[in-house]
Every structure is written in structure tokens, then in C-alpha cells.
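Scroll down for the structure; my scribbles are underneath it.
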Amino acid sequence: MPVTDSALAQPPARTAAIWAALDPVVTTGAALQVLDVGGGSGMFAVPLAELGHRVTVVDPSADALATLHRRAATAGVAERVRGVQGDGDRMLTALPSADLFDLVLCHFVLEVVDDPASTLAQIAGVLRPGGRLSTASANRAGAVLGRAVGGHPVEARALLTGQDPAPARGGPARRRFSPEELLTLLAGAGLEPGEWRGVSVVTDLLGASTGADADALRALELTLATTSPYRDVATGLHVLATRP
């Protein structure tokens, strides 16, 4: 079933590039075993279950998993969605050792785990041969631009060298990646990365009150996602990688 005829017909502009990359993987007609690492509330898991896939979500937040189960029940796909509570870099240890997956989602998780390389190695270990990993991470260049446009030039300069841009605000520092760094991490885990895309090239800069036509904004995001230099300053980076 093509995305245009499915529950994914009108994804938010911010994540349109991710759904476009997933489209040929999740609309083949075959039911997939999917793992969503850190996918708590089910923003991706529930639409994938609506397409007929079986989705396991591992997340450290009990509240997020409760939201996931409510959302799945409302959509009528509760029997195809499983929530498992797991903590940080050890999330995957909460899974049965025999579990293998056709598709793993790891969206905006590598920024906060203790060891991104270890997390990716664990993910590679639960992918079937030929399985795919969809990974999305914060883009350093996009974060610099976002802080600058937001009126925080000191924080923008700090991000250029990977420093915590606002240590006084408290909370854990988040990593940001360049495309080259993310591709190197994926290759180091034994995965074969495909082309990288920009995620939210302009949507986050415009903000929620932009008033821009949603369809036109989505179409623009899809065009810019694979076009440099625009994708280079997107909020996020997305790569679809394969386990050989």
C-alpha cells in the first residue's frame, strides 16, 4: 500500500523526510517485526501498526509507554503494539534474547545515551541480515543556526565546538552530530548507511504559528531533505542503514 493511501498520507512536515525514507520499506505488503528504541508515546509505532506491522517499543518512561498503549487502543491496533520498559544504554537488554527485527527505529536517542557506538552495536545485533535501521539525530549545523536565529549567539558559538551551549540551565547535555560523524558511527557498527537526509530544514525555524500551507510546507521539506546546501542546516539528520 503506498503512503498516499495509508495512515501516513499526511505526515507532519517536520517528519515528512523520515516517512519518505521509510515508505519503500514499510509499504511492501509484508508484515514486519519492528523495534522502536526510545519511541515511547508511539508517534511512529502506531502508524506502523496501522499498516499491519508488529511493533515493539522500548522506552525508559512508564508514562510514555502508557500513552503508547492508549494511542494504540484508540487506533484499534493494541494487539500489534508491545511496550517494554528499558533504561538508557541498556534498553535492549529488556528484550528476549531470541528477538530479531526486520526494521529498527532509533530516532533522537543517540544524543542522550552514554555510548552511541555501543547502542548502535546492540541494535545491529537484533537486526536480521538484510534488516534496516532508521536513525535520526540532531544536526550540529542546524542547532547552531537555530540558536543564532533564536537570539543566542554565545550558545551558537559553543555548539560549533560541541560544548554544552547552556550549562546554567541544568539538565544533561545533548550531543549533536555532523553527517560525517553519524555515517561513521553506523559503519563502525557494521551497518551499511544509505544517503543522509535533512529533517525539518525549515519547519522548526518557522515555528508553529507560521500560517504556512501545510501541504506546501511538506512538499518543500521533501524537496530540501536531499538537496545541499539546504539539508546541511536542517534540525536533524536521517539515515536508513542496512545490516549486510
Side-chain angles (χ1 to χ4, degrees), residues 1-87 91-110 119-120 122-137 194 197 199-200 214 218 221-222 236 238-243:
M1 174 193 327
V3 168
T4 50
D5 294 331
S6 75
L8 311 184
Q10 303 295 329
R14 187 177 189 278
T15 57
I18 298 176
W19 284 116
L22 288 173
D23 180 16
V25 178
V26 302
T27 58
T28 61
L32 303 176
Q33 293 291 333
V34 181
L35 172 65
D36 191 350
V37 178
S41 61
M43 182 174 69
F44 282 84
V46 171
L48 289 173
E50 289 179 303
L51 288 176
H53 306 301
R54 294 195 171 273
V55 187
T56 298
V57 177
V58 182
D59 195 278
S61 170
D63 289 342
L65 291 174
T67 300
L68 164 72
H69 291 138
R70 288 194 298 270
R71 183 175 285 174
T74 300
V77 294
E79 75 283 357
R80 292 199 290 272
V81 176
R82 173 177 58 150
V84 178
Q85 190 170 9
D87 183 36
M91 281 191 283
L92 298 185
T93 64
L95 297 172
S97 58
D99 279 5
L100 289 176
F101 298 90
D102 305 295
L103 172 66
V104 177
L105 312 183
C106 181
H107 295 163
F108 301 102
V109 170
L110 300 180
T119 297
L120 288 173
Q122 292 176 60
I123 288 172
V126 299
L127 270 174
R128 299 183 191 279
R132 313 296 288 275
L133 165 65
S134 170
T135 182
S137 299
R197 298 175 183 237
V199 177
S200 185
R218 189 180 303 109
E221 284 288 356
L222 290 174
H238 179 264
V239 180
L240 196 62
T242 304
R243 179 183 173 184

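Excluded from the calculations below are hydrogen atoms, water molecules and symmetry mates; all remaining heavy atoms, backbone and side chain alike, are included.
In terms of heavy-atom proximity, Thr15 sits nearest to Met43 at CG2-CE, 4.4 Å. When all heavy atoms are compared, the tightest approach of Arg218 to Ala16 is CG-CB, 3.7 Å. The two residues Ile18 and Ser134 make their nearest non-hydrogen contact at CG2-OG, 4.3 Å.
Of the possible donor and acceptor atoms, none in the side chain of Arg132 sits under 3.5 Å from a partner among the backbone N and O of Thr242. Of the possible polar contacts, one joining the Gln85 side chain to the Pro60 backbone as a donor-acceptor pair under 3.5 Å is found.
Side-chain atoms of Gln33 and Arg128 include no donor-acceptor pair closer than 3.5 Å. Judged by distance alone, the side chains of His107 and Thr135 never bring a donor and an acceptor atom under 3.5 Å apart. For the residue pair Thr74 / Arg71, no side-chain donor-acceptor distance below 3.5 Å is found, with atom types taken as modelled.
Annotation: side chain of Leu127 is not in contact with side chain of Leu100 (no heavy-atom distance under 4.5 Å). Within the 4.5 Å cutoff, the side chain of Val84 has no heavy atoms near those of the Val57 side chain. Side-chain contact between Leu35 and Val37 is present, with heavy atoms from C-beta onward closer than 4.5 Å.
Every salt bridge (Lys or Arg N to Asp or Glu O under 4.0 Å) that Arg14 has, sequence neighbours left out, goes to Asp204. For Arg54, the salt bridge (Lys or Arg N to Asp or Glu O under 4.0 Å) test picks out no residue, with sequence neighbours left out.
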